[in-house]
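Starting off with a structure, shown below.
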Amino acid sequence: MKVAIITGASRGIGRAIALELYKRGCNIVFNYTRSTQAAEELVKECTSTDRQALAYQVDAADFPAVQDMVKDVKSKLGRIDILVNNAGITNDKLIVRMKEEDWDKVLDTNLKSAFNFCRAVTPIMLKQESGRILNISSISGIVGMAGQANYSASKAGLIGLTKALAKELGSRNITVNALAPGMIETDMTATLSEDYKKSLLEQIPLRRFGQVDEIARIAAFLVSEDAAYITGQVIQVDGGLAM
Ligand code: NAD
């Protein structure tokens, strides 16, 4: 049975991906930082007796803690087949107001976290001669967004990481792709002003925000056997926003 690690999965897109992979027969493992109750609820939702759901309270940006978590997962479940780097935050500000810590926190949470997990799981996947890595980027990393220098840079960084690792790991049957969502209805976008949301809707050809399940199903496809010949790609799931 496959083992999938999904980072930052106590809510939003990560939670939907974790549940979709569980539904499709994977053991799921996820980390979270603060929301213990939400993490426990997700574990409780996974009721099948033939597979597990494990939660770890681990900051994805903490290199040693991530190494320990992955070691523990390997010893408990024996293998790691899928890694979805989903943990992410925004801290939007114009560059003239952006403090050093605003930059560092977003880059550490969104980009260094992915390095931390890739660094920990790749020796295992290389030995298995199989693996799937999916990095949740954003259209902000493709087109850049004003007020999001830190976030756009982190998401563009994930695309570079994706392509470099796709080249590095492809010969061992490990695929590495990025999924770039547009505007998806989650807590992250709930804080946007109504006026801004309205102006965005006018630019989205499909005239609506996406749902987390729509991201989860594409993510599940990209880490499945059916996607065995797709690597190094950035798949936009954005209703046509960033063309
Ligand atoms: P969300 O805020 O609902 O969820 C983010 C998750 O990441 C939370 O569970 C949070 O606890 C976790 N997290 C944050 N920092 C962490 C850390 N240091 N360690 C472990 N977990 C941490 O947001 P979401 O909309 O579900 O976003 C999920 C991913 O999708 C993010 O990477 C985000 O950048 C990306 N994304 C979202 C949208 C959107 O419109 N919602 C668009 C493009 C990309």
Side-chain angles (χ1 to χ4, degrees), residues 5-20 28-43 55-66 68-70 83-92 101 104-117 120 134-145 148 150-159 161-162 178-192 196-197 200-201 203-204 206 208-216 218-219 222 234-239 241-242:
I5 295 181
I6 307 98
T7 71
S10 56
R11 66 180 202 208
I13 291 171
R15 183 178 200 279
I17 294 173
L19 282 172
E20 186 66 29
I28 56 159
V29 182
F30 65 96
N31 68 318
Y32 65 98
T33 38
R34 283 183 303 271
S35 20
T36 307
Q37 197 186 336
E40 281 170 0
E41 273 162 26
L42 175 53
V43 169
Y56 289 79
Q57 190 164 22
V58 163
D59 181 346
D62 181 338
F63 184 85
V66 169
D68 288 347
M69 170 181 158
V70 170
L83 167 65
V84 181
N85 284 309
N86 165 80
I89 54 167
T90 51
N91 188 349
D92 297 353
E101 60 258 34
D104 287 346
K105 182 94 174 97
V106 169
L107 268 288
D108 284 353
T109 306
N110 298 5
L111 183 56
K112 186 179 177 223
S113 61
F115 162 71
N116 291 346
F117 274 93
L134 182 66
N135 295 318
I136 306 300
S137 177
S138 164
I139 56 162
S140 301
I142 299 170
V143 296
M145 295 278 186
Q148 288 197 318
N150 49 2
Y151 185 76
S152 300
S154 71
K155 294 298 183 180
L158 282 176
I159 293 173
L161 176 73
T162 299
L179 193 162
M183 302 309 299
I184 310 301
E185 273 180 34
T186 66
D187 291 351
M188 187 177 270
T189 47
T191 54
L192 300 175
Y196 185 55
K197 279 192 202 167
L200 280 169
L201 279 175
Q203 297 167 53
I204 301 172
L206 290 179
R208 63 179 180 84
F209 279 22
Q211 301 297 316
V212 291
D213 292 348
E214 293 177 293
I215 301 295
I218 305 297
L222 289 170
V234 185
I235 308 297
Q236 287 179 224
V237 186
D238 66 353
L241 175 59

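Remember, it's 1-based here, ligands and their atoms both numbered in the order they're listed.
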Checking contacts here: is it the side chain or the backbone of S137 that comes within 4.0 Å of ligand 1, counting heavy atoms only? Could be both or neither.
backbone

Non-hydrogen atom of T7 closer than 4.0 Å to ligand 1:
no

Is it the side chain, the backbone, both or neither of I184 that has a heavy atom closer than 4.0 Å to ligand 1?
both

Assess A16 for proximity to ligand 1: is some non-hydrogen atom of it under 4.0 Å away?
no

At under 4.0 Å between heavy atoms, what of R11 touches ligand 1? The answer is both

Heavy atom of A180, distance to ligand 1 below 4.0 Å
no

Best match, M188, K105, R15, Q57: closest heavy atom to atom 23 (O) of ligand 1
M188

Judged by heavy atoms only, the candidate from A87, A39, S113 nearest atom 22 (C) of ligand 1 is A87

Which residue from A65, G88, G12 reaches closest to atom 5 (C) of ligand 1 through any of its heavy atoms?
G88

4.0 Å protein heavy-atom contact status of atom 17 (C) of ligand 1, strictly under:
yes

Heavy-atom proximity to atom 42 (C) of ligand 1, best of S138, A190, G182, G141
G182

Would you kindly specify which portion of T186 sits under 4.0 Å from ligand 1, judged on non-hydrogen atoms: side chain, backbone, both or neither?
side chain

When you measure from atom 29 (C) of ligand 1 to each heavy atom in I139, I13, N86, which option holds the nearest one?
N86

Does K155 come within less than 4.0 Å of ligand 1, judged by its heavy atoms?
yes

Please state which part of I89 comes within less than 4.0 Å of ligand 1, counting heavy atoms only: side chain, backbone, both or neither.
side chain

At a non-hydrogen distance cut-off of under 4.0 Å, which region of Y151 contacts ligand 1 (side chain, backbone, both, or neither)?
side chain

